[in-house]
Each structure stands twice: as structure tokens, then as C-alpha cells.
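The model shown is predicted, which means the values in this text are computed figures rather than measured ones. No hydrogens, no waters, no symmetry mates; every other heavy atom, side chains included, goes into these values. Letters A, B, ... are given to chains in the order of the sequence lines, protein chains preceding strands, and every chain is numbered from 1.
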Amino acid sequence: MGSRVTIATPEDFLLVRDACSYGYFLLAPNEWDPIDRTLSRPLRLPEGRARARIGQPEGRAGSGLVVELDRRIGRRERGELARQVSRMLRLDESAAEIAAFHDVDERWRATGRGRLFRSPTLFEDVVKTVTSCNVAWPSTIRMNARLCEVLDAAFPSAAQLARRRATTLRARCGVGYRDARLVELAKLFASGAVDEGRLEDPGASDEEAFETLTALPGIGPYAAGNIMQLLGRYGRLAIDTETERHAREELGFREEGAALRAKVERRYERFGPHRFRSYWFEVWSAYERRRGPAWTWTPRGTGSGFTASSTRSRGPGRAP
DNA sequence: GGTAGACCTGGACGC
DNA sequence: GCGTCCAGGTCTACC
């Protein structure tokens with residue numbers, strides 16, 4: 001007999017839209033069910049792991065979330081459950097904050113897009129970002145699935161990952177040369193050397209957060225830019241080859257290399273602190289034009305030939 | 001400061 | 001079926 005918990009949402013929150021807004025909703029241990037329109041995954045709670053199934057039964061914006069768990073949980077665990085669900089779905093971003101984004105970029109007001117899915121912890125977001133670097137999307141899916149299969153079904157914590165040998169990660173999780181960097185990252189998070197509170201503190205500048213992130217092993221300019229948006233810092237782009245493809249194929253830019261990247265930066269300058277969201281929803285909308293609404297996607301469907309690069313003559317596809 | 005090459009994996013391609 | 005090439009972001013060595 002499990003528990004059933006109701007969580008209130010901002011008046012504009014819509015699960016099918018706001019959960020299926022960034023590729024991580026397709027990565028283990030997350031499981032999106034396009035039939036039930038629910039998101040399931042194991043969560044690490046104070047008394048141990050619990051599998052959560054998150055739905056929005058009324059299906060209208062602002063209606064409550066219902067979380068069904070596979071075991072009973074008490075008051076203390078309910079608080080932690082709400083905190084993790086809130087982080088994943090960005091329930092902390094109010095309707096007014098999303099409206100402020102729409103004031104800057106009108107294009108997304110009609111659909112209400114504004115929130116970007118993320119993980120219940122910053123550490124999981126960082127690991128997912130590292131596993132998406134220098135690799136095609138199917139490999140990112142595989143690495144995250146194996147990390148959950150081999151180390152912890154609820155996604156390995158920093159402490160768990162810090163205890164593993166790099167060679168184990170390489171051999172059993174297929175992370176390749178990222179092995180030692182992931183273990184080193186885990187040690188930094190587990191020891192408290194990474195000040196997560198400071199990174200999440202609105203009082204800390206974006207520049208400071210970016211510098212902190214790029215000093216971490218395995219985190220370069222692209223990864224740091226991506227983690228910035230996962231921290232809710234949307235004023236910076238995360239430029240990778242997918243950005244360049246978007247610029248050429250969707251925006252019609254003809255430049256190459258540094259000139260292309262500079263033109264991309266100029267295009268999104270006008271969106272100020274919302275740059276990343278404006279950029280990302282352009283990319284996401286292009287994916288949806290090709291593949292249908294994101295809530296209909298599955299990891300298997302996006303595993304090969306999906307995304308942007310599927311339009312190229314070669315290549316297995318970059319991360320959505 | 002800028003650049004070249006290594007890192008690793010898996011998909012595409014040619015034979 | 002096998003071997004080769006290529007894409008992907010970060011890091012290091014070198015100029």
C-alpha cells in the first residue's frame with residue numbers, strides 16, 4: 001500500500017508541456033508515459049528509495065499534481081518529495097515569472113512555454129550534461145541507463161559515484177574517457193567542495209557561477225552554459241554543434257565557425273536574461289515540427305536518427 | 001591567446 | 001561481416 005500526495009502548481013503549469021520541454025525527461029531514470037501522460041522515476045527520500053508516478057489528472061493548466069508512491073511515506077518525506085518534484089518541474093517559477101519571459105519574447109505566450117525540465121538534484125543535472133558532451137544522443141541515453149542499472153536505480157548520488165573506480169564506470173557504464181572526470185566531479189560534490197548553495201543563490205552573479213562551473217573537471221564552456229540554464233540562469237547560451245546546425249538550417253545563417261557563433265550571440269542579445277529560453281524553444285519547436293509534440297516521444301523513438309542531425313546526410317543525432 | 005590532436009563510442013559507409 | 005571514417009566537447013601541449 002503506497003501513498004498518494006497532491007502538490008499544488010502555479011496557475012499556468014501544464015505537465016505535458018512543462019515536463020516534456022528538455023531532453024532530460026527521456027533520460028533514465030525518468031520514464032515519460034505518452035499514454036497516461038505521467039512521469040515516473042525512483043526518488044531518493046530520507047527513509048530510502050520510493051518510486052513516484054507524477055500525473056496531472058485534471059489535465060488543465062494550474063490543476064494539482066498527484067504523486068503516487070510505491071510505499072507509504074511520512075510528513076518529513078512528503079516535504080522532501082515536494083522539494084524534488086518542484087525542482088524537476090520548476091514549480092518554483094511563478095506564472096508571473098513566465099509572463100515576464102513572454103513580455104520579452106512574445107512568440108511563446110500562446111503555447112505558454114517557459115519552464116525547462118531538469119533533475120531532482122544539481123549533481124544529476126551535471127552528470128547528465130557531461131554524458132551529453134562529445135557524444136551522440138543514443139550514447140547519452142545508454143550511459144544514463146547504465147549508471148542507473150549498475151549503481152543506483154534512483155540515479156547515483158555524488159557519494160555513491162565518488163566511491164567507484166573510474167575503470168568500473170568505463171567498463172560497466174560505457175562512459176568512456178569521461179570515467180575519471182565523473183569520479184572527480186562526484187568527489188567534489190560529495191565533499192562539499194562545490195558550493196551548490198552559492199551556485200543556486202540569485203545573489204551570486206552569473207559570471208561567478210560560470211567561472212565556478214568551468215573550473216570543474218569535464219565542464220567546458222558548453223557544459224557550463226547548459227548547467228547555467230539548469231540552475232535557472234537563462235542569460236547565457238550554451239553553444240554547441242546543434243546550435244550551429246539550428247543557425248544554418250532554421251535561421252538561414254551562412255557564416256562558419258567564430259563568425260557564426262558571434263552572429264548567434266547577437267541574435268539572442270535582445271532577450272537579455274531570457275536568452276537561453278528564447279533560443280531553446282526555437283530549437284525545441286523545430287524538433288516538434290519534425291517529430292510531433294514532445295509528449296508523444298519515447299527514448300526508443302529518439303534513440304537513433306532523431307533530432308536535428310537526422311536531417312543531415314550522416315550522423316546518429318545530437319541530444320534533444 | 002590560438003590551435004592541433006587525443007580522448008572514446010557507436011553509427012554509417014565501403015568493400 | 002569486417003574495417004575504416006566520422007561526429008561530438010573538453011583538455012593538454014605547443015607555438
Side-chain angles (χ1 to χ4, degrees), chain A residues 22-24 26-28 123-151 161 164-189 194 207 209-231 236-249 255-262 264-265 276 279-280 283 286-287 291 299-320:
Chain A
Y22 195 66
Y24 291 3
L26 294 164
L27 295 180
F123 179 68
E124 183 177 329
D125 275 337
V126 169
V127 173
K128 280 182 159 52
T129 299
V130 171
T131 61
S132 73
C133 286
N134 199 27
V135 75
W137 183 240
S139 293
T140 304
I141 292 175
R142 200 171 299 114
M143 280 185 245
N144 280 273
R146 289 185 187 166
L147 285 168
C148 294
E149 287 163 15
V150 173
L151 299 181
L161 208 49
R164 305 308 291 237
R165 288 197 189 94
T167 50
T168 304
L169 293 187
R170 180 181 295 226
R172 299 187 62 196
C173 303
V175 301
Y177 68 91
R178 301 163 193 80
D179 56 356
R181 294 173 192 173
L182 285 171
V183 172
E184 191 56 34
L185 266 174
K187 287 178 178 170
L188 291 168
F189 272 81
V194 176
E207 288 67 29
F210 190 77
E211 279 183 26
T212 300
L213 292 169
T214 50
L216 297 174
I219 309 293
Y222 162 74
N226 191 57
I227 296 167
M228 291 285 280
Q229 67 87 3
L230 293 163
L231 284 164
R236 188 181 283 265
L237 300 178
I239 294 180
D240 62 357
T241 53
E242 182 60 9
T243 317
E244 295 179 5
R245 184 214 57 80
H246 176 74
R248 279 193 288 269
E249 295 183 9
E255 292 77 0
E256 294 286 338
L260 178 64
R261 289 191 289 276
V264 167
E265 291 282 4
F276 186 89
Y279 154 72
W280 182 253
V283 172
Y287 291 163
R291 305 291 301 203
R300 180 185 288 269
T302 61
S304 63
F306 179 74
T307 78
S309 1
S310 64
T311 60
R312 281 186 233 144
S313 56
R314 292 190 55 164
R318 262 288 297 157

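Nucleic acid contact class of A/Leu216 (heavy atoms, under 4.0 Å, all strands): sugar-phosphate only.
Remark: A/Thr241 is not in phosphate contact with C/dA7, judged by side-chain N or O atoms under 4.0 Å from OP1 or OP2. Using a 4.0 Å cut-off, no side-chain N or O of A/Arg142 falls inside it from OP1 or OP2 of B/dT9.
Of all nucleotides listed (C/dG8, B/dC7, C/dT10), C/dG8 comes nearest to the side chain of A/Asn134. For A/Ala223, taking side-chain heavy atoms from C-beta onward, the closest of the listed nucleotides B/dG10, C/dT10, B/dC8 is C/dT10. Residue A/Arg146 places its side chain closer to B/dG10 than to any other of C/dT10, B/dG10, B/dC8.
Judged by distance alone with a 3.5 Å cut-off, a donor-acceptor contact links the side chain of A/Tyr177 to the base of C/dG9.
The distance from atom CG of A/Leu213 to atom C1' of C/dG9 is 15 Å, rounded to the nearest whole Å. When the P atom of C/dA7 is taken as reference, atom OH of A/Tyr222 falls 18 Å away, rounded to whole Å. Nucleotide C/dT12 holds its P atom 7 Å from the CZ atom of A/Arg181, rounded to whole Å. When the P atom of B/dG10 is taken as reference, atom CE of A/Met143 falls 8 Å away, rounded to whole Å.
Between A/Trp280 and A/Phe276, the ring planes are parallel. Angles under 30° get that label, and only those over 60° would be called perpendicular.
With rounding to the nearest 0.5 angstrom, the CZ atom of A/Arg142 is 12.0 Å from the OG1 atom of A/Thr131. Taken from CE in A/Met143 to OG in A/Ser132, the straight-line distance is 8.5 Å, to the nearest 0.5 Å.
The residue from A/Thr129, A/Asp125, A/Asp240 that alone fulfils the side-chain hydrogen bond (donor to acceptor under 3.5 Å, both in side chains) condition with A/Asn226 is A/Thr129.
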